[in-house]
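Letters go in sequence order (proteins before strands), and every chain restarts at 1.
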2 protein chains.
Amino acid sequence: MDDFDLEQFVPFRLNRAAEFIALRFAAAYKAEYGLTRPEWRTLAALGSSGRMTATEVGVHSTMHKTKVSRAVFALEERRWLKRTQHEDDRRVEHLELTAAGIKAYRELTRLARAYSAELENLLGSDGLKALSSGLTAVENAMVKRRR
Amino acid sequence: MDDFDLEQFVPFRLNRAAEFIALRFAAAYKAEYGLTRPEWRTLAALGSSGRMTATEVGVHSTMHKTKVSRAVFALEERRWLKRTQHEDDRRVEHLELTAAGIKAYRELTRLARAYSAELENLLGSDGLKALSSGLTAVENAMVKRRR
DNA sequence: TCTATATGGTTACAAACGTAACTGTCAATT
DNA sequence: AATTGACAGTTACGTTTGTAACCATATAGA
């Protein structure tokens with residue numbers, strides 16, 4: 001009928017692939033820990049970088065500040081995270097994982113590494129390399145276009 | 001603090017890239033036509049494949065049937081789509097674009113093609129190729145794992 | 001010091017979503 | 001013909017989301 005094919009359209013394919021890959025991993029932390037994606041991302045950001053502000057978490061994990069705010073609240077309720085006020089600027093709060101949070105982080109990253117390995121298996125070494133370098137290209141473009 | 005880095009985790013990178021790439025295009029059809037993503041996908045599926053059932057649209061564009069149902073309703077209200085009952089099986093309905101729907105489809109696909117070109121520019125020819133072949137790897141994996 | 005503007009973070013509200021339950025229809029079995 | 005199970009599509013409900021407004025604090029300029 002026409003020469004446009006949704007199946008070949010990169011934005012569509014990218015979305016579908018992301019859903020497939022991410023959902024498969026999300027199922028793990030959702031089922032086992034009841035975490036949402038923003039929560040997992042926040043945990044991961046704080047776990048690997050140590051103390052950060054909410055804004056920094058947002059930048060690091062590319063999440064909107066309302067998502068971060070809600071995730072921080074949830075993690076705090078779970079006693080995986082604690083806040084401390086910045087000395088000089090009382091608008092800012094520093095976020096840090098508690099011992100329990102660090103423990104959870106370790107377990108989750110173990111899962112994440114296992115999934116990375118599974119992914120290499122699933123996509124093949126070449127497939128994964130191609131994907132990764134394609135993603136790098138996107139990331140470079142994102143930096144250029146960032147407002 | 002640890003050797004896990006969210007920035008290097010493929011599911012995260014994939015998600016972020018998809019958001020960036022898809023949102024940039026979504027902004028166009030959302031701003032100019034007030035379409036949601038399910039609506040655009042439904043339009044695209046029907047535009048390129050002609051008459052289909054709702055279930056087929058869902059398979060073709062990997063959307064849950066509730067999304068398809070809502071999108072079909074919205075497009076119908078807009079008079080871009082009409083339903084006709086299947087002769088033999090009254091559960092099934094055939095979906096087809098109206099003249100106005102086809103016109104919209106043409107305009108949207110023009111935008112989509114323009115965006116594809118922009119993408120090649122943005123990612124570079126090699127980057128786009130790598131991305132595409134990485135996506136193919138994911139797609140192959142999806143087929144294998146499809147339940 | 002007062003005002004204006006920017007910033008960190010939260011919240012209210014409406015839209016979009018997924019899950020599961022539902023309606024109506026069909027096919028197979030009895 | 002009646003029953004059962006499967007399937008197409010819709011709807012109800014609770015959750016998650018994004019936008020925009022908001023509060024509190026900080027900074028700069030008059």
* To do: Give a yes-or-no answer on whether the side chains of Thr136(B) and Arg13(A) include a donor-acceptor pair shorter than 3.5 Å.
  => yes
Tightest non-hydrogen contact, residues Leu6(A) and Phe12(A), listed as O-CD2, 3.1 Å
By nearest-nucleotide position on DNA chain C, the 5'-leaning member of Glu93(A) and Lys67(B) is Glu93(A)
For Thr55(A), the side-chain hydrogen bond (donor to acceptor under 3.5 Å, both in side chains) test, sequence neighbours excluded, returns none
Numerically ordered, the residues 27-44 of chain B set in heavy-atom contact under 4.0 Å with DNA chain D is none
Contact check, residues 70-82 of chain A vs DNA chain C, heavy-atom distance under 4.0 Å, returns Arg70(A)
Separation of dC7(D) atom P from His86(B) atom NE2, nearest Å, is 16 Å
Answer yes or no: is there an ion pair linking Arg51(A) with Glu56(A), defined by an N-O contact shorter than 4.0 Å?
no
Rounded to whole Å, CZ of Arg83(B) lies from P of dA8(D) at a distance of 16 Å
Rounded to whole Å, NE2 of His64(A) lies from P of dT16(D) at a distance of 18 Å
Review item, nucleotides 22-25 of chain D N/O atoms under 3.5 Å of protein N/O:
from	atom 1	to	atom 2	distance (Å)
dT25(D)	O2	Arg91(A)	NH1	3.4

Should Lys129(A) and Ser133(A) count as side-chain neighbours, where that means a heavy-atom distance under 4.5 Å? no
Which of Tyr33(B), Tyr105(B), Phe25(B) passes ring pair (Phe, Tyr, Trp, His ring centres under 6.0 Å) with Trp40(B)? Answer is Phe25(B)
Review point. Is the closest side-chain heavy-atom distance between His60(A) and Ser49(A) below 4.5 Å?
Key: yes
Footprint ends on DNA chain C, 5' to 3', for atoms under 4.0 angstrom from a heavy atom of chain B, come out as dA16(C) to dC26(C)
Applying salt bridge (charged side-chain N to carboxylate O under 4.0 Å, His left out) to Arg90(A) and not counting sequence neighbours gives none
Rounded to whole Å, CG of Leu95(B) lies from C1' of dG9(D) at a distance of 10 Å
OG of Ser132(A) to CG of Leu131(B), rounded to nearest 0.5 Å, is 11.0 Å
What contact category does Thr66(B) fall into here, base, sugar-phosphate, or nothing, at under 4.0 angstrom with non-hydrogen atoms? base
Can you check whether Lys30(B) reaches Glu39(B) side chain to side chain, under 4.5 Å on heavy atoms? no
dist Leu46(B):CG -> Leu97(B):CG (nearest 0.5 Å) comes out at 5.0 Å
Got Val72(A) and Arg83(A) here, is their nearest side-chain heavy-atom distance under 4.5 Å? yes
Taken to the nearest 0.5 Å, the spacing of Leu122(B) CG from Tyr115(B) OH works out to 7.0 Å
